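Model, not experiment: these values are computed from the prediction. Chain A is the first sequence line, chain B the second, and so forth, proteins listed ahead of strands; every chain is numbered from 1.
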There are 2 protein chains.
Amino acid sequence: MENKIFRNFLGEKGLKPTKERIAVLSEVFSFHGHFEPEYLYLRIKNAGSKASRASVYRTLSLLVECGLVKKVTRTEKGNIYEHTYGHSHHDHMICDACGEIIEFYSEKLENLQDEICAENSFAGSTHTLEIRGHCKKCRTKQS
Amino acid sequence: MENKIFRNFLGEKGLKPTKERIAVLSEVFSFHGHFEPEYLYLRIKNAGSKASRASVYRTLSLLVECGLVKKVTRTEKGNIYEHTYGHSHHDHMICDACGEIIEFYSEKLENLQDEICAENSFAGSTHTLEIRGHCKKCRTKQS
DNA sequence: ACTGAAACTGAGATTGAATTGCAATTTAAC
DNA sequence: GTTAAATTGCAATTCAATCTCAGTTTCAGT
Ligand SMILES: [Mn+2]
Ligand SMILES: [Mn+2]
Ligand SMILES: [Zn+2]
Ligand SMILES: [Zn+2]
């Protein structure tokens, strides 16, 4: 479970499992979906725990480093994260008309990407594929 | 040609083809590859033209809006652009260590994405695939 | 050419996410 | 307990990007 993994990670680096770090960890895994650091900071505050913005940022970096959390994307506003432990990898299709997000996963696609990386002597670790267009609903509505 | 396209775009929006805007346009198309706004600003200066940072940023937005330039990605530092007019579609691998960007294109990959879209009744029009990891150079340097 | 209204510019101020310096505090090994 | 190392929060700082605005340029209409 994520708590164990994080404490282990900290131990190996000579870092300490402080209340603040654990509060961030707990809050990150208390809900599903994407979030910004500021949103997380407010949730922690609201949950009665305490952790400064600085600690939230610092702990998020640690969580990413140990693989429990992933930086999903960078928007004009800032970074967006999601916890990944317990969730499997997927990519997204986003409808330009209604904003619907379709998640998908293709083994073939993943393998093909690995092949392409190898051809380029590149050690790929993560990727983001975002397909934009129009969903079925919006397409039929149009005609 | 890009000059014509940009002037047309400006005309339709009631905007004017000022020296500064044309200087930015020219510089963007004077070389191939990816660039940051600051780098473009310095190139323009060095080329003997004049355009403030503000104008460079403002003009870049216009160039993106009219489709001649594309925002490739956002790094911790800032945005990276490339001119697209005259270039065919490709995706990117980005080295997390040195920032090098490798361009690639795979017909198979494109077809596979079309298949997946079809399976999801989604009419895909564009996509962005960004693979992150470590390039050959940085990997050998490490060990 | 001249004129005026609208568009445009650059310099500096401002924004805001993210990082950092540092003195006070907490942790945990001994 | 004692003590060294790690950690915290706050405020200061960074830095790309945006904005403000007074002076300048553009160009359609005459
Ligand atoms: Mn994928
Ligand atoms: Mn490219
Ligand atoms: Zn839709
Ligand atoms: Zn590299």
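Distance B/R53 CZ to D/dC15 P: 13 Å, rounded to the nearest Å. Protein atom CZ of B/R58 is 8 Å distant from nucleotide atom C1' of C/dG10, rounded to whole Å. Between A/R7 atom CZ and C/dT27 atom P there is a gap of 12 Å when expressed in whole angstrom units. Following rounding to the nearest Å, A/I44 (CD1) and D/dT8 (C1') show an atom-to-atom distance of 14 Å. C/dC8 atom C1' lies 15 Å from atom NZ of B/K13, rounded to whole Å. Between the P atom of C/dT19 and the CD atom of B/E76 lies a distance of 9 Å, rounded to the nearest Å. Rounded to whole angstrom, the span from the OH atom of A/Y41 across to the C1' atom of C/dG16 amounts to 15 Å. Atom-to-atom, CG of A/L62 to P of D/dA6 comes out at 14 Å; the value is rounded to the nearest Å.
With the end axes of the helix from C/dA1-D/dT30 to C/dC30-D/dG1 each set by five pairs, the angle from one to the other reads 30° at 10° resolution.
The hydrophobic clustering, which links ILVMFWY residues whose side-chain heavy atoms are closer than 4.5 Å, places A/I80 and A/L63 apart. A/V72 and A/Y81 are assigned to two separate hydrophobic clusters, defined by single-linkage of ILVMFWY side chains at heavy-atom distances under 4.5 Å. Taken together through direct or relayed side-chain contacts under 4.5 Å among Ile, Leu, Val, Met, Phe, Trp and Tyr, B/L129 and A/I102 form part of one hydrophobic cluster. Transitive grouping of hydrophobic side chains (ILVMFWY, heavy atoms separated by less than 4.5 Å) keeps B/I131 and A/V64 in distinct clusters. Residues A/L62 and A/Y57 fall into different hydrophobic clusters, defined by Ile, Leu, Val, Met, Phe, Trp and Tyr side chains chained together at heavy-atom separations under 4.5 Å.
Within the 4.0 angstrom heavy-atom criterion, only backbone atoms of the sugar-phosphate kind lie near A/K50; the bases stay farther away.
For B/K45, the NZ atom sits in a loose shell: 12 or fewer heavy atoms of surrounding residues, nucleotides or ligands are nearer than 6.0 Å.
A donor atom on one side chain and an acceptor atom on the other are found under 3.5 Å apart for A/E110 and A/H89.
Taking only side-chain nitrogens and oxygens, B/N79 never comes nearer than 4.0 Å to OP1 or OP2 of D/dA16.
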Would you mind writing out the side-chain donor-acceptor pairs for residues 7-14 of chain B within the sub-3.5 Å range, not counting sequence neighbours?
unit_1	atom_1	unit_2	atom_2	d
B/R7	NE	B/N3	OD1	2.7
B/K13	NZ	B/E65	OE2	2.6

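Comparing D/dG9, C/dC8, C/dA11 by their closest approach to the side chain of B/L15 singles out C/dC8. In this structure, of D/dT7, C/dA7, C/dA18, it is C/dA7 that holds the atom nearest to the side chain of B/K16. Nearest nucleotide to the A/Y57 side chain, out of C/dA18, C/dT9, D/dC10: C/dA18.
Interface residues of residues 17-38 of chain A facing DNA chain D, ordered by number: A/T18, A/E20, A/R21; criterion, heavy-atom separation under 4.0 Å.
A cation-pi arrangement is present between B/R43 and B/F31, with the terminal nitrogen or guanidinium carbon under 6.0 Å from the aromatic centre and inside a 45° cone about the axis.
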